[in-house]
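Naming convention: chains lettered A, B, ... in sequence-line order (proteins, then strands); numbering from 1 in each chain. Note that this is a predicted model, so its numbers are computed, not measured.
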2 protein chains.
Amino acid sequence: MGVTIHDVARAAGVSVASASRALSGRRKVTPEVAERVKQAAAELGYRPNAVAKALRDQTTGTIGMIVPGIGNPFFTTIVEAVEHQLQETGRDLLLCASLYTPEIEARRLNTLLARRVDGLIISPCDFEASAPAVLNAARQVPLVQVDRYIEGGGADWVGVDDDSALAQAVDHVVAGGARSVVFVSSRLMNSSARLRLAGFQLATARAGIAARSPLLGEFTLAWGFEAGRSLLADGPLPDAVVCGNDEIAVGLLRALRLGGVRVPEEVSVVGFDDVGHAAMCDPPLTTVRQPVEEMAAEAVRLLGQVRVGEPRAAQRIAIAPRLVVRETSRLATGGTMTGDGQEGRETT
Amino acid sequence: MGVTIHDVARAAGVSVASASRALSGRRKVTPEVAERVKQAAAELGYRPNAVAKALRDQTTGTIGMIVPGIGNPFFTTIVEAVEHQLQETGRDLLLCASLYTPEIEARRLNTLLARRVDGLIISPCDFEASAPAVLNAARQVPLVQVDRYIEGGGADWVGVDDDSALAQAVDHVVAGGARSVVFVSSRLMNSSARLRLAGFQLATARAGIAARSPLLGEFTLAWGFEAGRSLLADGPLPDAVVCGNDEIAVGLLRALRLGGVRVPEEVSVVGFDDVGHAAMCDPPLTTVRQPVEEMAAEAVRLLGQVRVGEPRAAQRIAIAPRLVVRETSRLATGGTMTGDGQEGRETT
DNA sequence: GTGAAAGCGCTAACAG
DNA sequence: CTGTTAGCGCTTTCAC
């Protein structure tokens, strides 16, 4: 470690200024000088110091990202997509997990700000408690929220259109003959949980069917499993269960299976996200696919638009999702699907 | 953005040196000065510039991590564990995905080196092709490999004891009565695939049972599904299938189910990793649990031991895994397990 | 086209 | 205990 541009300049017999110009190519130098410098750099194994460059340029080429947890496959997918988007523009991702805790989240925000990230992409863990830290960060650096957001609408956001999503899910099970349907999701500390519940209630009201009181816990396999058991224990089963995410749906499926309930013959189940293993559980899960790549692309694009200190209306971009029909839901015709379990039939 | 330590010093009526000392607390200042400085910093909303500090200190407090892909839940888990370990010591994670491509991997290594990470944790995607770039990086900065490693043994590594893992898996299905068993895994471009196949062959030889020729593809759900189909197509089924990871196992399970094969009555299936949804698939998967937290802790600890340029024998730490028996494998007694599907019975 | 020098923000000598 | 100053490695005026 430790060959600097001074070493390169000396070896090439030019000034550091010329060396810098030759290496960056952003300014004219004699071809002969350029050649000599590049040669020297290669021979010495010169590697530009990004830290020094960052200090000088006041820009790090680094984007900070904070998600509640990397264990949740949905967040994983979105991290992956964002990382991919950033590659395109030569930037790197500084990744943090808030572990679903506003205090940790605030701390992570501070260290990212201290590291002078050029922008921040965050899925705030708590609708209310996350707000102060997020708004404060947004004052310092371009910030866009993904999936979850904070109350008050003070910062840009890109996510899915939950109303559309839930309407598709509810209409689908209703078309399959469901007359009573229950929603199993997370407690309402985050925006996704709130929006999805609201969307569900709207959709069931519009469809004129009985929405039993929702079961609210966490976005986890374990909660889905538990909810499934309590459904089994608490009297007559609903015709359909709509879930707040796929993890819940998979856990629920497992509980129903253990309880001897046939899906979809007795109960239809619909998930949300379409994570990788949704197509491989048994039966393959009917779910609402989040447009993750689009969301990531949109988030990165938005990030480039934001100018700190330039007052401008906060953008909210809700992308319409698509229902992917697999085999946990009854079809309108009354039959069930067959297939190889890999690809579902998609609604148009 | 832009309140510096100079601003704080001026506001407090002291020199930048005193301000720095007061803020860091690493040197004596009058309590009264300390108070004034802290007050001024708070009022101005001063946030130390980590980039400047890094340039000055020649250390960034940043660890780079490169994994083949974030889509694979095993890597996700390990990233999560490493991130968690780093938090403890106030360091941050610069995360990259190589997308299973040595060229991209080499490029990512270079940018991490340019960013002057204090250390590197990598799971090299290719046993051979990854070697030059990884060894070169190891020459510049402390580097430890996790899970996968490169040929030649030139760099530190921490992972699982694959021989022990496969022995446990094979012995378990043999105890359950299996006389023929096939191994479904990834092609041999990475060390995990090689070691696991070797471990499998060793274990079957020792057990004196028929190991049919292995099916080698990728560590994905899709490959597991495909392998399952070809097993169904290609004549008599084996008594047991041991898989290179859980993704493969879950895909395979699905294919067998579609083919009308009962698991574990007709075929036992064993996975590898014990990722989150292994307990929730149907039936819950018997698998070998990777000690991910220990691996991450060990990797971070090792990183602290390495001194670049100090020649020292490369460490190789193989942690023994544990077989988690769930319901895809026949037990020695000939029966199958029952349970809530959440926790498996663990071997001691 | 090239070089000298300033300066990004910070901390650690080094004097006082 | 406090202040002044050098310098981390880089790019970019500003003169020549």
For this session: Check every strand shown and say whether B:Arg27 touches a base, only sugar-phosphate, or nothing at a heavy-atom separation below 4.0 Å.
Result: nothing
Exercise. B:Lys28 has an atom NZ; how far is it from atom P of C:dA12, in whole Å?
Worked result: 15 Å
Exercise. Given atom CD1 of B:Ile5 and atom P of D:dG3, what is their separation to the nearest angstrom?
Worked result: 13 Å
Problem set entry | Test side chain to side chain donor-acceptor pair (under 3.5 Å) applied to A:Asp156 and A:Arg316, A:Arg312, A:Gln315, A:Gln305, the passing residue | A:Arg312
Problem set entry | Minimum-distance nucleotide (side-chain atoms of B:Asn49 versus D:dC1, C:dA5, C:dG9) | C:dG9
Problem set entry | Expected output: side-chain B:Thr101 to main-chain B:Glu103 donor-acceptor under 3.5 Å | no
Problem set entry | Rounded distance in Å - CD (B:Gln58) to P (C:dG9) | 18 Å
Exercise. To the nearest Å, how far apart are A:Arg36 CZ and C:dG1 P?
Worked result: 16 Å
Problem set entry | Expected output: side-chain B:Thr62 to main-chain B:Val117 donor-acceptor under 3.5 Å | no
Problem set entry | Sugar-phosphate, base or nothing in reach of B:Val51, heavy atoms under 4.0 Å | nothing
Problem set entry | Separation of C:dC8 P from B:Arg47 CZ (nearest whole Å) | 20 Å
Exercise. Picking from C:dC8, C:dA5, D:dG9, which would you name as closest to the side chain of A:Ala17?
Worked result: C:dA5
Exercise. Is the base of C:dG9 touched by the side chain of A:Arg56 through a donor-acceptor pair closer than 3.5 angstrom?
Worked result: no
Exercise. What nucleotide, of D:dT4, C:dC10, C:dT2, holds the atom closest to the side chain of A:Val29?
Worked result: C:dT2
For this session: Verify side-chain contact (heavy atoms from CB on, under 4.5 Å) between A:Asp118 and A:Ile63, making sure each step is shown before the conclusion.
Result: CA-CA 6 Å; A:Asp118 295 338; A:Ile63 298 295; 4.2 Å; yes
Seminar exercise, completed: The side-chain contact (heavy atoms from CB on, under 4.5 Å) partner of A:Ile122 among A:Ile150, A:Leu109, A:Val146 is A:Leu109
For this session: Report the nucleotide, chosen from D:dT13, C:dT11, D:dG9, that has the shortest atom-to-atom distance to any side-chain atom of B:Ser20.
Result: C:dT11
Exercise. So which nucleotide from C:dG3, C:dC10, D:dC10 ends up closest to the side chain of B:Thr4?
Worked result: C:dC10
Exercise. Does A:Ser18 place a side-chain N or O at less than 4.0 Å from the phosphate oxygens OP1/OP2 of C:dT2?
Worked result: no
Exercise. The side chain of B:Arg21 lies closest to which of these nucleotides: D:dT13, C:dA13, C:dT11?
Worked result: C:dA13
Exercise. Rounded to the Å, how far apart are A:His6 NE2 and D:dT11 P?
Worked result: 11 Å
Problem set entry | Value in whole Å for how far the C1' atom of C:dA12 lies from CG of B:Asp57 | 10 Å
Seminar exercise, completed: Rounded to whole Å, the CG-P distance (A:Leu55 to C:dA6) equals 17 Å
